[in-house]
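For reference, the structure discussed in these notes is given below.
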Amino acid sequence: RREDDLHIGGIFPMEGEGGWQGGQACMPAADLALADVNARSDLLSGFKLLLHSNDSKCEPGLGASVMYNLLYNPPQKLLLLAGCSTVCTTVAEAAKMWNLMVLCYGASSPALSDRARFPTLFRTHPSATVHNPTRIKLMQKFGWSRIAILQQAEEVFISTVEDLEAHCKKAGIEIVTRQSFLSDPGDAVRNLRRQDARVIVGLFYVVAARRVLCEVYKHRLYGKSYVWFFIGWYEDNWFETNLEREGIECTVEQMREAAEGHLTTEALMWNQNANQTTISGMTSEDFRSRLNEALREAGYDIDGERFPEGYQEAPLAYDAVWAVALAFNKTMEKLAKSGLSLKNFTYTNKKIADDIYEAINSTSFLGVSGLVAFSSQGDRIALTQIEQLSDNHYVKLGYYDTQADNLTWLERERWVGGKVPPDRTVVVTEL
Ligand SMILES: CC1(C)CO[C@@H](CC(=O)O)CN1
């Protein structure tokens with residue numbers, strides 16, 4: 001082990017059953033970034049960054065034991081990378097006891113935006129609440145001030161809805177009803193009809209989304225008088241697949257009919273300007289080619305569209321390693337002024353931990369996932385993308401920059417009834 005090595009721990013969800021096994025693409029992406037930052041002579045002045053990776057299976061308990069192994073076995077680690085909201089929650093809550101920063105590349109839970117519980121957490125993956133200002137912006141654009149919410153009873157959606165309700169209150173948008181369900185959305189959808197809901201924000205995982213859509217078809221809660229907001233990170237043909245396996249009673253045609261015209265919001269994870277050179281010298285498309293090559297070598301049939309889980313989030317893991325390298329570089333320069341280096345860091349050295357915190361907190365660079373910068377809560381500041389399902393394929397409608405309150409609109413939206421659906425029953429009185 002060379003004296004001038006800097007060590008970080010990496011906790012990746014690889015081979016688990018439940019949750020998000022996004023380490024499959026994110027670990028190769030992190031390895032690419034390690035090779036790139038270590039090849040730069042202008043970074044970390046002769047030190048080499050080494051990543052010690054372990055599988056968490058997206059299970060918090062296993063994540064905790066992997067973390068203890070990383071911390072109680074030499075060499076000493078300077079920082080931890082982690083994915084999955086559940087694992088990040090456990091690791092980030094504990095890491096402060098070792099004065100370790102935690103950089104999460106795959107955690108969307110709004111509960112993580114809490115400096116009291118997670119004083120050393122940063123994430124290149126945006127919080128699920130990043131969708132909410134975009135949803136409000138669209139409601140204002142189309143004149144919808146009366147909406148309904150349908151959510152699955154999962155922590156990430158419960159806290160996202162709380163944030164959405166706060167945004168609606170501020171914007172003067174009335175929530176006529178908020179329906180939630182555990183796994184069967186039947187009653188909840190029936191209640192939406194009873195309350196004459198017209199503009200509905202849906203928050204659930206993709207398996208629940210298929211159940212919702214079939215209920216929507218059965219209760220005829222779709223077509224020219226309705227607008228649905230779905231989450232945009234489901235796979236593109238989510239409403240047509242797995243129907244038999246998941247016991248969905250609707251046919252593909254019925255699902256397509258119910259899905260026609262719905263809107264989606266999602267955080268942008270790949271820099272949109274495909275030919276913009278980023279800090280690594282690559283464009284996001286160059287990165288895609290290199291990542292695909294690395295995944296082919298790992299045995300994935302990329303050309304057969306057999307992508308590993310976490311492919312969408314891979315730029316977040318690549319940029320997380322760059323954020324670490326740049327922050328360590330900044331800290332090394334500061335420490336050198338007092339004759340110290342990161343080799344002086346120990347798990348009880350709060351002073352150097354504060355220097356590393358400061359360096360990460362002031363991050364700002366163009367990565368393959370776009371501009372990498374963090375809020376005071378350590379949240380990724382990200383752009384969102386709006387799409388609409390038109391004839392069974394998603395059409396980009398625009399992008400929203402929340403920080404600048406700037407909506408880029410492409411004027412491509414189409415409404416089943418030829419005009420924007422109203423948010424309530426319109427009573428036409430004969431004059
Ligand atoms: C967009 C998604 C799929 C949201 O969940 C993240 C995983 C998690 O929050 O546990 C990964 N990225």
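Since the structure is predicted, the reported quantities are computational estimates derived from the model, not experimental observations. In each ligand, atom 1 is the first atom listed, and ligand 1 is the first ligand listed.
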Problem - Salt bridge flag under 4.0 Å for residues R40 and D36 - result: no
Handout entry: D405 bridged to K137 by N-O distance under 4.0 Å
Key = yes
Practice task
Report the residues that fulfil side-chain contact (heavy atoms from CB on, under 4.5 Å) with T129, sequence neighbours left out, ordered by chain and then residue number.
Solution key: P110, S127, N132, D163
Under 3.5 Å donor-acceptor pairs involving side-chain atoms of residues 199-212, not counting sequence neighbours:
from	atom 1	to	atom 2	distance (Å)
R210	NE	E246	OE1	2.7
R210	NH1	W238	O	2.8
R210	NH1	T241	OG1	3.4
R210	NH2	E246	OE2	2.9
R211	NH1	S183	O	3.1

Problem - Contact residues of ligand 1 (heavy atom under 4.0 Å), by chain and number - result: W20, C84, S85, G106, A107, S108, H125, W233, E313
Handout entry: Electrostatic pair R414:D391 at N-O distance under 4.0 angstrom
Key = yes
Exercise for the section: Using the test ring pair (Phe, Tyr, Trp, His ring centres under 6.0 Å), find all partners of F287 that sit at least two apart in sequence or belong to another chain. Expected result: W270, Y318
